[in-house]
Amino acid sequence: MYEGDRNLPAYPNQFQGFWLFWQLRFKCNLNTNPPNNVKDLAYLNKYFWKYKGLLSFGILFTIISVLFQIIPAQLVRYAFDSVSDMIKIYPLYDEFENQQDTIYELFAFSVLLYGVLIVIMALIRGVFLFMVRQTIIVMSRHIEYDLKNEIFKQYQNLPLSFYRRNNTGDLMARISEDVNHVRMYLGPVVMYGLSMLISFTLVVSFMLSIHIKLTVFSLLPLPILSFGIYYINSIVNRQSTKIQESLSQMTSFVQEAFSGIRVLKSFVREDDSYQQFTLHSEDYKVQSLKLAMVNALFFPMMLLLIGFSTILTIYVGGIEVIDGTITAGNIAEFIIYINMLTWPVAALGWISSMAQRAAASQKRINEFLQEENDIISTENISKSIAGKITLRNVSFTYADSGIEALQNIDMQINAGETVAILGTTGSGKSTFANMLCRLYDATEGEILVDDTPIKNYNLDSLRSQLGYVPQDVFLFSDSIRNNIRFGVPKLTEEELVQASEDADLQGNIEQFPKGFDTELGERGITLSGGQKQRVSIARAIARNPKIMILDDCLSAVDTKTENTILNNLKRIMKNRTSIVISHRVSSAKLADKIYVLDDGKIVENGTHQELINQNGTYKELYDKQLQSEEEAVS
Ligand SMILES: Nc1ncnc2c1ncn2[C@@H]1O[C@H](COP(=O)(O)OP(=O)(O)OP(=O)(O)O)[C@@H](O)[C@H]1O
Ligand SMILES: [Mg+2]
């Protein structure tokens, strides 16, 4: 009997859908921080507007698909009523056997017809459900793409200080996990939200038009269902956060174990590492089991409440049928309606919890998007520079640590000069280099290039005339060729060879079977420290810069190679400015002028000979390093 089947879902698709949805939510459910301002999501409205076409069609298709769900419920009512009519009429024709057969066939045919119609409706609904997904989920994917690009563009625009304040993991999380949470809102939440609103409005109005009292009774348990799901979902979200944390701890641990495998093995710590992994793994298991238990509560609760709704409908409906206010078909119709409502009502709890999670993520994303770049150009001057650099009483303090890395620096470097900046570790040399590239701005004082304040230059124009070789060499996982021509994509083959010759790299490259096409990084070969530094120098030389800044980038090459590179530089940087930063006196020998930095201050300056004659810090360094070099040779 129909009623007998009520404890099993009459619409398995709904339940399967929900189940899939539920599982999907687990996969994507990474981080939930309760109550958040849903206003943060308003930022996304501009995207809804951009894709208004898809959204409008999505709404239209949702309405149609809901209608095609409601019509079958009415067909079931007609089928039921005709069956009960037949039960009444059939015995009246007891004496006319032939006519009884005809009546039977007629009824059987009409029931079959209803059946076929219901199947057709279901098929049509299926087509429209497909269209709903094709519009709304597709829209969410488009917005996800746009949002990721917007965030990445902003990332590229933000200054170095921003990257100091935020760790890489956090930046990555915003562009991946947070965007994913937001996408869940843009896609499934909007889709199910719409379907919930539309089904609820349409179905409840149909129900009310049939019988108000029966509607009220059968809907009674549904708010409890919605609240229950919201509650369970919040627990699940919290638990998922814990699982996610545990997982990320485990991942970092494994990552570190892999990257530090050399140290790990040489210190014979494999067993210890295994023990630690087991602990992480155990934690993950415990958290997952807790989640499994909460999850197990979900279905029984849902089925219980639906069952309760059904019983109420049959009971109250039964009384009404006896009173003659409604037909038996109406009860069947109502039961289907309740089934149709179960999903939207359950989704309500899910939707609100997902929307909150998305709001939290969007809030974090907004924080980044609203972050302003403080390194800006005041007058946007784009001009070719000669390379004269003047520092007037420049001081710099790192805002985050409060360390005063440079104090009252005065310096004058004429165009075409080669200048060496020497100093012990932590004396502020890299800070100085960063300021010339305008990665940071001076806290006090002024830097001028060709007598124009550095802040007046257009950033791109200024930076494109600099050749900066940073202290911590960074090469991309790409071919040597692409690494060298990174700053000048149109570099010709001759220029490429010339740059690598000037960086004293050509000899090494010729040894590689694939030459310039040798791949570096994860999938390629690992260069030695000195080779990496030279690729990095070749990359800067290839730009043909007006000012070259080498930040301690000869530390890993021997003094002979250093000499060759510096001599080459002298030739190619003729009439251009070179700044060689080093803690090695040998790098300074060829310089026209030497500045000695100590603890953020210039303690000496002059030519090599002048400084030797001064008999100060430079002379001391010179003697010490000369001595150790001699010791190394002997
Ligand atoms: N991003 C940063 N945030 C805060 N403090 C920093 C930062 N970078 C450097 N410092 C501090 O500023 C001071 C100068 O550092 P800097 O890197 O300029 O020294 P350096 O002369 O290049 O040293 P080395 O020869 O070791 O490269 C140091 O005390 C350092 O701890
Ligand atoms: Mg440094």
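All figures in this text were calculated on a predicted structure; none of them were measured in a lab. Just so you know, ligand 1 is whichever comes first in the structure, and atom 1 is the first atom listed for that ligand.
- A perpendicular orientation is assigned to the rings of Tyr155 and Phe368, their planes being inclined by more than 60° (bins at 30° and 60°).
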Exercise for the section: For Ile509 and Thr518, run side-chain contact (heavy atoms from CB on, under 4.5 Å): C-alpha distance rounded to whole Å, both residues' side-chain angles, the deciding distance at 0.1 Å, then the answer. Expected result: CA-CA 8 Å; Ile509 288 182; Thr518 308; over 6 Å; no
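- Atom CD1 of Ile572 sits about 4.0 Å away from atom CD1 of Ile541, to the nearest 0.5 Å.
- For His608, the ring pair (Phe, Tyr, Trp, His ring centres under 6.0 Å) partners are Tyr618, Tyr622, not counting sequence neighbours.
- If you look at ligand 1, the protein residues with a non-hydrogen atom under 4.0 Å away are Arg164, Tyr398, Asp400, Ser401, Ile403, Ala405, Thr424, Thr425, Gly426, Ser427, Gly428, Lys429, Ser430, Thr431, Tyr440, Gln471.
- Listed by chain and residue number, the protein N/O/S atoms under 2.8 Å of the Mg ion (ligand 2) are Ser430 OG, Gln471 OE1, with waters left out.
- The local environment of CG in Asp271 is sparse, with at most 12 non-hydrogen atoms from other residues, nucleotides or ligands closer than 6.0 Å.
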Exercise for the section: Could you please spell out the steps behind the side-chain contact (heavy atoms from CB on, under 4.5 Å) verdict for Phe432 and Leu391? Expected result: CA-CA 10 Å; Phe432 171 75; Leu391 272 78; 3.5 Å; yes
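- Listed by first and then second residue, the salt bridge (charged side-chain N to carboxylate O under 4.0 Å, His left out) pairs that reach into residues 401-424 are Glu417-Lys593, sequence neighbours excluded.
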Handout entry: side-chain hydrogen bond (donor to acceptor under 3.5 Å, both in side chains) evaluation trace for Gln533 with Ser555
Key = CA-CA 9 Å; Gln533 286 191 334; Ser555 59; 3.1 Å; yes
Problem - Worked verdict on Phe162 versus Leu171 for side-chain contact (heavy atoms from CB on, under 4.5 Å) - result: CA-CA 10 Å; Phe162 167 84; Leu171 299 183; 3.8 Å; yes
